[in-house]
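Okay, structure first, notes after.
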Amino acid sequence: MSKELIKQLIDTKVGQSGMIETRISGVQLFKITEPIRCAPALYEPSITAIVSGGKEAIWNGNKHYYDKNRYICCTMSMPIEAGTPEASPDNPLMGVYISLNARVMTELTIELESATGVTYKVKESVHPQGISTANWDEAFTDALYRLIMLEKSPTDIAILGSSRIRELYYAILKGDSGYAVRRSFGVGNEIARSIELLSSNLNESVTIENLAHQVGMSRAVFHRKFKQATNMSPIQFVKSMRLNNAAMKIAEGRNVNVAAMEVGYVSSSQFSRDFKRMYGQAPKQWSQTIERNNNKS
């Protein structure tokens, strides 16, 4: 029942297609009523909970589809392609986007480990993922509903906001994605820290040796654990992150060569080859295709 009430609230608050900020820090509501082709995007640490419709995402060449049965948990900055190919006025994509506050999540993770006496260590057979999904269990649904309902009162937000966020985070930690979240925000979050370092230094020359050294690992161990978390090698991840950022800049109207330089490419020809390999078209052709598709919409 709470999920349906969340849907009703979104439908009331978001009159037209789009995403709106709520008065609760880090919480946004969205409604998409037109189909959107998959396009480059950067997922930051967040939870996306869909109450109506479906969403498509592609990373590392694999296509994934999400709907109201499972929420998306992203614990690290991840380069992906995302879209809503089936959205329509009769079947809109509707949901809630919640940024994950690293400090609060880390504090809660450590508190949970202290309370249970269990520190979660990586097992060779169970690898934490940068993006995972979890069932909408009762605890998550109720916590999300209780958080969203604060939107009606600024006073309630001021008094109860932080505790309701913690309640939701706790439900996430206890849910299907809890292992991945604890590994990213708890003790031993070396890969998440290396990705944060990468994300903030995309335009600089970063070597795998430097990244491994920054988190206190050998190159071989770092490479193995990085691939376990992201399904990509560090080199593949850096390239994908740079190309996704460049594609977003180009889609916004940035000059191709300028976009390439801003994400760390020195050679424009190398950028064009890498871009075509990932998106199937040269940068200028791709931008023209995007523009035509936008005009059709």
Side-chain angles (χ1 to χ4, degrees), residues 1-39 41 43-57 63-75 80 82-101 105 131-178 181 297:
M1 184 60 183
S2 295
K3 191 184 295 187
E4 185 61 32
L5 292 174
I6 294 171
K7 179 180 176 181
Q8 291 174 13
L9 177 65
I10 296 171
D11 205 23
T12 300
K13 296 288 292 184
V14 190
Q16 298 179 340
S17 185
M19 176 177 278
I20 66 165
E21 297 280 353
T22 69
R23 289 176 288 192
I24 308 166
S25 179
V27 178
Q28 297 171 294
L29 308 177
F30 60 83
K31 180 196 294 184
I32 307 298
T33 59
E34 298 293 336
I36 300 174
R37 297 170 186 265
C38 279
Y43 271 24
E44 298 292 353
S46 60
I47 297 294
T48 303
I50 296 169
V51 295
S52 172
K55 185 177 181 68
E56 191 175 275
K63 184 177 292 188
H64 304 264
Y65 185 81
Y66 308 103
D67 57 22
K68 63 182 180 180
N69 295 313
R70 300 179 68 83
Y71 60 87
I72 307 167
C73 182
C74 181
T75 60
I80 69 163
T84 57
E86 298 178 3
S88 69
D90 294 330
N91 182 37
L93 174 74
M94 298 170 61
V96 186
Y97 176 90
I98 303 126
S99 298
L100 293 180
N101 183 299
M105 187 60 86
I131 297 180
S132 59
T133 62
N135 285 316
W136 274 72
D137 56 33
E138 187 176 344
F140 175 82
T141 305
D142 288 347
L144 180 58
Y145 173 69
R146 284 160 55 79
L147 174 65
I148 297 301
M149 290 306 293
L150 293 180
E151 170 69 10
K152 295 181 178 180
S153 169
T155 302
D156 288 349
I157 293 173
I159 303 299
L160 299 173
S162 59
S163 62
R164 294 283 172 86
I165 285 285
R166 282 175 60 87
E167 181 183 7
L168 181 68
Y169 284 4
Y170 182 63
I172 294 165
L173 285 168
K174 300 279 283 185
D176 292 345
S177 289
V181 176
S297 300

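Keep in mind that what you see is a predicted model, and the values were worked out from it rather than measured. Values below: all heavy atoms of this structure, side chains included; hydrogens, waters and symmetry mates excluded.
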Measuring from Asp142:CG to Ser2:OG, what's the distance to the nearest 0.5 Å? 4.5 Å

Please check: side-chain N/O of Asp176 versus main-chain N/O of Asn135, any donor-acceptor pairing under 3.5 Å? yes

Please examine the side chains of Tyr66 and Ile50, heavy atoms only from C-beta on, and report whether any two atoms are closer than 4.5 Å. yes

May I ask you to test the Lys55-Tyr65 pair for a side-chain heavy-atom distance under 4.5 Å? no

Option passing side chain to side chain contact (heavy atoms under 4.5 Å, CB included) with Leu147 (candidates Thr22, Leu168, Val96): Leu168

For Thr33, is there any backbone N or O sitting under 3.5 Å from a side-chain donor or acceptor partner on Ser17? yes

Interatomic distance, Arg23 atom CZ to Asp156 atom CG [nearest 0.5 angstrom]: 10.0 Å

Looking at Phe30, I'd like to know if its CZ atom is crowded, meaning that more than 12 non-hydrogen atoms belonging to other residues, nucleotides or ligands lie closer than 6.0 Å. yes

Nearest heavy atoms of Lys31 and Pro92, plus distance in Å: CG-CB, 4.1 Å

Side chain to side chain contact (heavy atoms under 4.5 Å, CB included) for Leu29 and Met94? Distances and angles first, verdict last. CA-CA 8 Å; Leu29 308 177; Met94 298 170 61; over 6 Å; no

Could you measure the distance from the OG atom of Ser88 to the CG atom of Asn91? Nearest 0.5 Å is fine. 5.0 Å

Taken to the nearest 0.5 Å, the spacing of Met149 CE from Leu9 CG works out to 6.5 Å

Considering all heavy atoms of both residues, which atom of Ala82 and which atom of Tyr43 are nearest to each other, and what is their separation? CB-OH, 3.9 Å

Do Ile172 and Phe140 come within less than 4.5 Å of each other through their side chains, counting heavy atoms only? yes

Could you grab the distance from atom OG of Ser52 to atom CD of Glu4, nearest 0.5 Å is fine? 9.0 Å

Could you check whether any side-chain heavy atom of Cys74 comes within less than 4.5 Å of a side-chain heavy atom of Pro45, counting everything from C-beta outward? no

If you compare all heavy atoms of Val51 against all heavy atoms of Ile10, which two are closest, and at what distance to 0.1 Å? CG2-CD1, 3.9 Å

From Arg70 CZ over to Thr48 OG1, what is the distance, rounded to the nearest 0.5 angstrom? 14.0 Å

Listed by chain and number, what are the ring pair (Phe, Tyr, Trp, His ring centres under 6.0 Å) partners of Tyr169, not counting sequence neighbours? none

Between Glu34 and Pro89 the two heavy atoms that sit nearest each other are OE2-CG, 4.3 Å

Specify whether Tyr71 and Trp136 have parallel, tilted or perpendicular ring planes, treating 30° as the upper limit for parallel and 60° as the lower limit for perpendicular. perpendicular

Non-hydrogen side-chain atoms of Arg164 and Leu150 separated by less than 4.5 Å: yes

Val181 vs Cys73, side chain to side chain contact (heavy atoms under 4.5 Å, CB included): CA-CA, chis, key distance, verdict: CA-CA 8 Å; Val181 176; Cys73 182; 3.5 Å; yes

If we ignore hydrogens and angles and just use 3.5 Å, is the side chain of Lys3 paired with the main-chain N or O of Lys68 as donor and acceptor? yes

Here the pair of heavy atoms bringing Ser177 nearest to Ser132 is OG-OG, 2.9 Å

Taking all atoms of both residues into account, what is the closest heavy-atom pair of Glu151 and Ile157, and its distance? CA-CD1, 4.1 Å

